[in-house]
Amino acid sequence: MIIVMETGVKEDQVQQVVDRLEKAGLGTHLSVGEFKTIIGAIGDEKIVRELALDALPFVEKVLPITKPFKLVSREFQEQSTSFKVGNCTIGADEVVVMAGPCAVESEEQLLESAEGVKAAGAQILRGGAFKPRTSPYSFQGLEEEGLKILARVREKTGLPIVTEVMDQHTVGVVAEYADIIQVGTRNMQNFYMLRELGKLDKPILLKRGLSATIEEWLMAAEYIASGGNRKVILCERGIRTFETATRNTLDLSAIPVVKHLTHLPVIVDPSHGTGNWRWVPSMSRAAVAAGADGLMVEVHPRPEEALCDGAQSLTVEKFEALTEDLDKVARVLGRRLKKVD
Ligand code: PEP
Ligand code: MN
């Protein structure tokens with residue numbers, strides 16, 4: 001339920017409502033907008049109704065949240081969520097670029113990638129240590145050794161790291177190393193894992209399931225938020241359709257839709273979205289133009305030697321040309337790409 005306060009409400013009046021809700025055993029979330037103050041009540045709807053808060057003169061109305069996802073909905077919190085990771089802020093005016101190889105292959109390969117993407121303007125380093133592969137015979141990732149390499153490369157370059165977790169038993173170890181924990185498309189509805197991630201105070205990058213509707217995706221985000229972790233970044237990475245010319249169909253229309261429905265930041269992964277490096281620059285520019293808060297791009301120093309997803313990886317040179325373009329597109333929209341020093 002949300003409690004919409006009258007325009008010009010005083011701080012102590014807001015506090016009065018918060019106190020009454022909390023005394024009744026409900027959680028509260030305060031959202032102070034430019035014109036309206038809204039208090040989100042977390043818990044049993046019946047209890048909120050029984051409090052008859054709309055009888056108070058400084059309460060405009062008490063409304064149920066109509067969407068099945070509550071905490072992550074714009075009804076619950078009008079202003080967009082933003083939070084810091086390293087030196088950058090996700091969900092604000094900056095367009096945040098995460099880049100790096102699909103998989104951590106060796107310390108040399110990751111360091112070379114990290115230095116390259118950093119110089120080209122990326123703010124966050126990506127690299128998979130636990131790899132969800134379609135075939136059991138493909139390279140499965142360096143696992144914990146990969147996490148250690150990521151941590152050493154972070155030490156050397158100062159770039160925060162985003163890396164994937166594949167099951168609830170490894171949430172602890174991944175959380176020890178990662179600055180952002182990635183939930184891959186195949187795990188979007190791994191509800192046990194989502195619950196574990198909800199207990200952390202660490203940003204979670206939640207990829208859209210390859211056949212998930214936007215509502216299912218937001219319900220997965222709600223699992224994490226309802227556990228107490230509100231730092232969720234949504235990542236559109238393409239969905240499965242009848243089309244076979246691209247690896248997936250990158251649903252850029254999801255950006256405005258999701259931004260309308262939720263206050264969470266939304267980024268786009270054009271690498272898995274298209275499966276071919278040739279289509280990555282144009283779809284990246286389109287994603288920023290459509291309002292994405294950031295991008296996740298696969299970059300490899302020598303894509304032809306990559307152990308995973310070489311066909312969709314940009315070289316460092318191509319990535320550098322792309323970030324220059326992205327900054328221009330972002331500036332048209334009053335945003336920008338922030339280079340890290
Ligand atoms: C990845 O980012 O390396 C990855 C496996 O992505 P997805 O889960 O979107 O396929
Ligand atoms: Mn990949």
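As the structure lists them, so they are numbered: ligands from 1, and atoms in each ligand from 1.
Taking the Mn ion (ligand 2) as the apex, the angle formed with OD2 of D309 and OE2 of E298 is 130°, to the nearest 10 degrees.
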List below, pair by pair, the N or O atoms of ligand 1 and of the protein that are less than 3.5 Å apart, including the distance to 0.1 Å; reply 'none' if no pair qualifies.
{"residue": "ligand 1", "atom": "2 (O)", "partner": "R126", "partner atom": "NH1", "Å": "2.7"}
{"residue": "ligand 1", "atom": "2 (O)", "partner": "Q182", "partner atom": "NE2", "Å": "2.9"}
{"residue": "ligand 1", "atom": "2 (O)", "partner": "K207", "partner atom": "NZ", "Å": "2.9"}
{"residue": "ligand 1", "atom": "3 (O)", "partner": "R126", "partner atom": "NH2", "Å": "2.9"}
{"residue": "ligand 1", "atom": "3 (O)", "partner": "K131", "partner atom": "NZ", "Å": "2.8"}
{"residue": "ligand 1", "atom": "6 (O)", "partner": "K207", "partner atom": "NZ", "Å": "2.9"}
{"residue": "ligand 1", "atom": "8 (O)", "partner": "T185", "partner atom": "N", "Å": "2.8"}
{"residue": "ligand 1", "atom": "9 (O)", "partner": "K207", "partner atom": "NZ", "Å": "2.9"}
{"residue": "ligand 1", "atom": "9 (O)", "partner": "R237", "partner atom": "NE", "Å": "2.6"}
{"residue": "ligand 1", "atom": "9 (O)", "partner": "R237", "partner atom": "NH2", "Å": "3.4"}
{"residue": "ligand 1", "atom": "10 (O)", "partner": "R186", "partner atom": "NH1", "Å": "3.3"}
{"residue": "ligand 1", "atom": "10 (O)", "partner": "R237", "partner atom": "NH2", "Å": "2.8"}

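Using modelled atom types, one finds a donor on one side chain and an acceptor on the other under 3.5 Å when comparing R74 with S80. Residues N276 and T274 have side chains that never bring a donor and an acceptor to within less than 3.5 angstrom of each other. Side chains of Q77 and T81: a donor-acceptor N/O pair is present below 3.5 angstrom, by distance only. Inspection of the Y223 and Q189 side chains reveals no N or O donor paired with an N or O acceptor under 3.5 Å. Checking E305 against H300 by side-chain atom types alone, no donor-acceptor pair falls below 3.5 Å.
Among the backbone and side-chain atoms of C308, none of the N, O or S atoms lies under 2.8 Å from the Mn ion (ligand 2).
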Check the pair R152, E107 against salt bridge (Lys or Arg N to Asp or Glu O under 4.0 Å), reporting the backbone distance first and the verdict last. CA-CA 8 Å; R152 287 199 289 273; E107 186 151 349; 2.8 Å; yes
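Checked options R237, M193, E216; the residue passing with M188 is E216 (criterion: side-chain contact (heavy atoms from CB on, under 4.5 Å)).
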